[in-house]
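Within every chain, numbering begins at 1; the chains are lettered A, B, ... in the order of the sequence lines, protein sequences first and strands thereafter. What you are looking at is a predicted structure, and each value in this text was computed from that prediction instead of being measured. Every heavy atom of this structure was used, including side-chain atoms; hydrogens, water molecules and symmetry mates were not.
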There are 2 protein chains.
Amino acid sequence: MSVPPPPSRLRAQKAVLPASAVPDGTRRRILEAALQLFASRGFHGASIRDLATALELRPSALYAHFPSKEHVLAELVRMGHEAHHEGLRTALLGAGSEPVEQLRALVRAHTLLHANHPQLAVVVNEEIHALPPELAAPSLALREQSAALLHAVIERGRAQGVFSVPHAGVTAAAISTLGLRLPYWYEPTAALDVDMLADLHVELSLRMLGVQGPPAS
Amino acid sequence: MSVPPPPSRLRAQKAVLPASAVPDGTRRRILEAALQLFASRGFHGASIRDLATALELRPSALYAHFPSKEHVLAELVRMGHEAHHEGLRTALLGAGSEPVEQLRALVRAHTLLHANHPQLAVVVNEEIHALPPELAAPSLALREQSAALLHAVIERGRAQGVFSVPHAGVTAAAISTLGLRLPYWYEPTAALDVDMLADLHVELSLRMLGVQGPPAS
DNA sequence: GCTATCTGAACGAACGTTCGTTTCGCAAGG
DNA sequence: CCTTGCGAAACGAACGTTCGTTCAGATAGC
């Protein structure tokens, strides 16, 4: 075992935290480097020493900013869930009262969040299980609230007769899933930028909901 | 740190290998226990000692059957990809020549495989990144072949005018994704068994492809 | 008595974490 | 202007534990 290969599961390279999240400084640098490492190797696959090396620090220096490795992950997971929930909530607020427009707004926001912050999406969705229950609980609660937003819109649309779905729960899961798997295959290009991708996901979601869309090739 | 909580990311409990996979014996027991552990805690989160404990063996005994921990994972990942590819290929062979029927067969097989073997699906899709490239390569090649099957059917249907999609690649990704996220939220119930779920995924896929389905509530 | 299987003990390496010390920017005091 | 004191941040070394793995020897079935 001469040189360990650098295994990575993501296409994206540079880790970006949501804008308003954390003031500049070492604490932010730690979170960004940890986001990168946890996203590409997993929480258990990335050590405190790896993290310190990436930051050009000694391992002990990290403990001036976080009480443990788990707390670094917990902070990332918390930030991710808050950014996601806030994004959905804001999108919904500006979408009027029609279920179709509300769904457009939700899917668009969901897709943009996952496309623009792929590492955070991966860490939030996979590494949360590495947290002890008391650190994961707040994020799991937020996640349920976000899922409830989508469910409510679908149910309202169904009640009004504008959506026609064979199974609301499975359809909601399918729509969520569109965004959740994005980090594993998508990267922005000129031929398919995030905006086009969001439009496509909106179109696919409306089709699943039985809403007639514009004709496609 | 008195008792470590048993974190798990899957709803399913009992690990089941595809039928024809491995002859009975200790080797099979090891694979099944490893599948369970790797699926619920991740490769790096489950140790050789955890695995030995689950099998009521001493850690050293495992090395009579596998040369390393990585090779256990590699075997699981290989089996998973082969079962998946074989399942898709067989389904396609029995589906005639009409793109709609071929797509039904592919989506149905894809969904059933993921619903019936959730742990294997998780290990195959997430823990493959813990393998060195030379152990992962054969499985990644198989994965591309499986994706190509779906792409080919979609392209043929589009050429024949029976599918109408805004973007073939994104739609194919969306259809694959339906199955891939299953292990994280689905478990079979009387109200929604695997067969109904497969039918629903077929219906959703056809809707995304612009094929008129039966009316739904 | 050969082969396959498992045990028990041990190896070096890596793990997360702790702790006393050092470094450094900066404001206050003479 | 120089010194002093201080708090924050990082260092360097070490801790106890767990990691994956090795290997000589015990055990058992053919």
| message | Assess, by modelled atom type and distance only, whether the side chains of B:Thr53 and B:Asp50 contain a donor and an acceptor separated by less than 3.5 Å. | response | no
| request: Using atom NE2 of A:His44 as one end and atom P of D:dT17 as the other, report the distance to the nearest whole Å. | output: 20 Å
| field | Within 6.0 angstrom of A:Glu144 CD, more than 12 heavy atoms from elsewhere | value | no
| note | Assert: residue with more 5' nearest nucleotide on DNA chain C, out of A:Ala61 and A:Ile48, is A:Ile48
| task | Rounded off to whole Å, could you give me the OH-to-C1' distance for the A:Tyr63 and D:dC11 pair? | result | 15 Å
| query | Within the structure shown, what part of the strands sits under 4.0 Å from A:Leu57 by heavy-atom distance: base, sugar-phosphate, or nothing? | reply | sugar-phosphate
| query | Expressed in angstrom and rounded to an integer, what is the separation of B:Arg58 atom CZ from C:dT5 atom P? | reply | 17 Å
| task | May I have the distance from A:Arg49 (atom CZ) to D:dA13 (atom P), rounded to whole angstrom? | result | 13 Å
| Within this structure, what is the CD1-to-P distance between A:Ile30 and D:dA9, rounded to whole angstrom? | 10 Å
| query | Between the base of D:dG12 and the side chain of A:Ser60, is there a donor-acceptor distance below 3.5 Å? | reply | yes
| remark: Taken to the nearest 0.5 Å, the spacing of B:His71 NE2 from B:Arg78 CZ works out to 12.0 Å
| said: Without decimals, in angstroms, what is the distance between B:Leu73 CG and D:dG20 P? | reply: 12 Å
| query | Taking only side-chain nitrogens and oxygens of A:Ser47, does any of them come within less than 4.0 Å of OP1 or OP2 of C:dC15? | reply | yes
| message | Check this for me: A:Glu134, atom CD, are more than 12 non-hydrogen atoms of other residues, nucleotides or ligands nearer than 6.0 Å? | response | yes
| remark: Rounded to whole Å, the CG-C1' distance (B:Leu62 to D:dC19) equals 14 Å
| request: Return no unless some side-chain N or O of B:His65 is found under 4.0 Å from OP1 or OP2 of C:dA4. | output: no
| Whole-Å gap separating P (D:dA10) and CZ (A:Phe66) | 12 Å
